[in-house]
Every structure is written in C-alpha cells, then in structure tokens.
Amino acid sequence: MDGLIEAISATENPSVVGLDPTPALLPSQFLGNEAYQVGDGQTESADSAARLAKAYLRFNEAVMQGIQGIVPAVKPQIAMYEALGAAGIQAYIATCSLAQGMGFYVLGDIKRGDIGSTAAAYAGHLSGIEGVSESSPWHEDGITVNPYLGSDGILPFVDAAKKRDKDVFVLVRTSNPSSDEIQELALTDGRKVYECVADLVNSWGDDSIAAHGYSRVGAVVGATHPKAGQALRRRMPHTFFLIPGFGAQGGSADDVAAMFDAHGSGAVVNSSRGIIGSWRKNPEYDTTLTAEDAFTLVSGSSREAALSMKEALRHALSAQGKDRT
C-alpha cells in the first residue's frame, strides 16, 4: 500500500477517479455518427462494439490528461469494458497501461471472488500465470475482491499481491442501498456481518504491514455509511480504506473525513461520474464542437472537477483534524 500512500502524498490529494465510461457519459464527438446502445434488448455488432471500445479509450485519455498531476490514482471498472467483449477488454488493458505510463496508481475494480484454481487464475490480474508469464498483462497495481466465499476466496489474491508487491481491497461495508440486507445482519456473537468481515481483513493483512503502517489488504467502505466508517477506522487501524459513494451517490467530504486516521491518511476517496461526467455541466459544450475541441473540453472539465474535489477533501480533513486536537 506504500506506493498508493506515496502517490497521495506527492499530489496532496487522497482521491481516485473511477474510469467507468458509458455511451451516455461520452460527448457525441467521441462516438462519431454511430448510435450506441447496450442493454434493453439492444444488440451491437462486433464492429460497433469495437468502435465504442476505442471511444472509451480516447475518452479515458482525455480525462487522464486533465487530472494528471492532480489525482494520484484511477479506478477502471472492468464491467463497463467486458460488456463490449474482446474489444472492451483490450480497451480496459490499454487504459490501465496508459494510466501507469502517465504515473497513476491503477486500481482495477474487478470484484472477483472464487476458490481453488479459479481464484488462482483470477489472481493472475496481479501476478500473471505461473509457468506462462512472469508478470500480469493487466497493468494493475491493486484490485477489488469479494469476500463472500471466505478465506479460500481471498488468500490466493493476497498471496499474488505479496509476490508482486501489489494490493487487494476487500468489500467490507459497501455504499449501495441494499447492502444492509446482508452486511447489517447480526451474528450470534453480537457482531454485524460487515464487522466480522472487517476482522477477517485485519487478519488477512496483519503480516504485510509496511513502512507507512498499513497492510496490503485494504477495505472498501462506502461514504454513504459515515458512522459505520468511523467505527471501522477505529477497528481497523492498519487497514487502508477505499471509499466509494462520494458525490453522485450522496457521500460528502464531511462524511468521509472521519474515516481517515489522525494524520489525515489511511484512505482514498473515489469519484466517478462527478469527474468524468463533469463536461456535461460545462456551458461551453456544444454538439457542433470538433472532436479535438471536445477532447480539450473533457480534459479541462475533469481537471476543474478534480481540483474542486481536492479542495473539498482538504477543507473537511483540516476541520476534522482540528476537532481531534
């Protein structure tokens, strides 16, 4: 986790931008003359999927050019790319590769979770496949995983992360509204399900605490549960938090501030639509813009939105620090 912490320190900005493109989030200039629709009974030809995949990559490049040097990390959500088949996977890998080349920490939001040889194969996202490749072709510095299958579904990823000095973020208290249906259930020992998972995360990472005091096994804790997040911060002093749910999902800078440690570290906050969709609020956008001008506008809008988020977090963390003194 030291690499992420040092990237955050260099930019003085504990945020990560989710690269989760959809056709609706792209200016028409990126899509050309094609009408792209996925789902609701619509089907796409391989040719149109390939065109959309290229549009996603170009859009991601525009966003990353805008936030480079401001934001330390990006988080591509693989589902958006897998929906396009082989072309989408290629766009995902190209996005991750481009991001690393631009100096970003790359967190692959893949939410995998399985057991045995299947888990070992999924863990190839971090370490490659033994006997086949010495390194992973995915260009990710960390990934998200689902703990529902217990230790058997997590330890292969942790082992792969140790082998390649990478990181794993385990879903603990997620930001979605229906998470209470499972995560808030009470166990016979008085803990909630998410508290049990938190304790397991502690145990999975207790032998990999590095120079900055955090293990390579992090936790996903939603901004929409600020009280739970604050309690988990106390419960998990050596666990780095990935905090989704900021902005569009309702989480505020004040909500997330208490999930950081006493030094203003220990967490990174994700914003997706709030950054990559910020061009839609730019009054300078017009459908008559050239493709080059639309690229510039997306970059500039993303930059301004990222700077606004950075300032909001800085202000909230500063206030939180004063409250703790």
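Positions are given from 1, in the same order as the sequence printed here. In this text, all values refer to a predicted model and were calculated from it rather than measured experimentally.
Using a 3.5 Å distance cut-off with no hydrogens or angles, the side chains of S302 and W279 do not pair a donor with an acceptor. Side-chain polar atoms of E61 and Y56 form no donor-acceptor pair below 3.5 angstrom. Of the N and O atoms on the side chains of Y214 and D261, at least one donor lies less than 3.5 Å from an acceptor on the other residue. If you check the side chains of D293 and Y285, you find no donor sitting under 3.5 Å from an acceptor. Between S203 and D206, the side chains place no donor N or O within less than 3.5 Å of an acceptor N or O (distance only, hydrogens not considered). Side-chain N/O atoms of H212 and E6 include a donor and acceptor closer than 3.5 Å. The closest side-chain donor-acceptor pair between S278 and E304, if any, does not fall under 3.5 angstrom.
Listed here is the closest heavy atom pair of A91 and L57: O-CD1, 4.2 Å. Scanning both residues, A267 and I243, for their nearest heavy atoms gives CB-CD1, 3.8 Å. S272 and D20 make their closest contact through OG-OD2, 3.1 Å (heavy atoms, listed as atom of the first residue, atom of the second, distance). Pairing each heavy atom of N270 with each of K75, the nearest pair is OD1-CE, 3.2 Å.
One hydrophobic cluster, built from ILVMFWY side chains closer than 4.5 Å, cannot hold both V269 and V16; they sit in different ones. By the criterion of side-chain heavy atoms lying less than 4.5 angstrom apart, applied directly or through intervening Ile, Leu, Val, Met, Phe, Trp or Tyr residues, L171 is not grouped with V201; the two fall into different hydrophobic clusters.
Tested against F240, the residues I8, V217, D167 include a single side chain to side chain contact (heavy atoms under 4.5 Å, CB included) partner, I8. Among the candidates L242, V74, D141, L4, the single residue satisfying the side chain to side chain contact (heavy atoms under 4.5 Å, CB included) test with L107 is L242.
Between the side chain of E140 and the backbone N or O of L126 there is no donor-acceptor pair closer than 3.5 Å. In terms of modelled atom types and a separation under 3.5 Å, the side chain of T118 and the main chain of D114 share no donor-acceptor contact. Of the possible polar contacts, one joining the S136 side chain to the H125 backbone as a donor-acceptor pair under 3.5 Å is found. Side-chain atoms of Q68 come within 3.5 Å of backbone N or O of M102 as a donor-acceptor pair.
Here the CG-CZ distance, from L84 to R51, works out to 14.0 Å after rounding to the nearest 0.5 Å.
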Next item on the list: Take Q77 and L19, measure what side chain to side chain contact (heavy atoms under 4.5 Å, CB included) needs, and give me the verdict at the end.
Entry: CA-CA 6 Å; Q77 166 51 258; L19 298 178; over 6 Å; no

Checklist line | From CA spacing to verdict: salt bridge (charged side-chain N to carboxylate O under 4.0 Å, His left out), R216, D2 | finding: CA-CA 8 Å; R216 68 175 70 255; D2 282 356; over 6 Å; no

Notebook entry, point to check: Going through the distances and angles, do D254 and S252 end up as a side chain to side chain donor-acceptor pair (under 3.5 Å)?
Noted result: CA-CA 5 Å; D254 290 334; S252 70; 5.0 Å; no

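At a threshold of 4.0 Å, the pair D109-K111 counts as salt-bridged, since one of the basic side-chain nitrogens sits closer than that to a carboxylate oxygen. Residues E195 and R235 are paired through a salt bridge, judged by an N-O separation under 4.0 Å between the basic side chain and the carboxylate. A salt bridge links E184 with R173: the closest approach of a Lys/Arg side-chain nitrogen to an acidic carboxylate oxygen falls below 4.0 angstrom.
Under a cutoff of 6.0 Å and an axis angle of 45°, R112 and F157 do not form a cation-pi pair.
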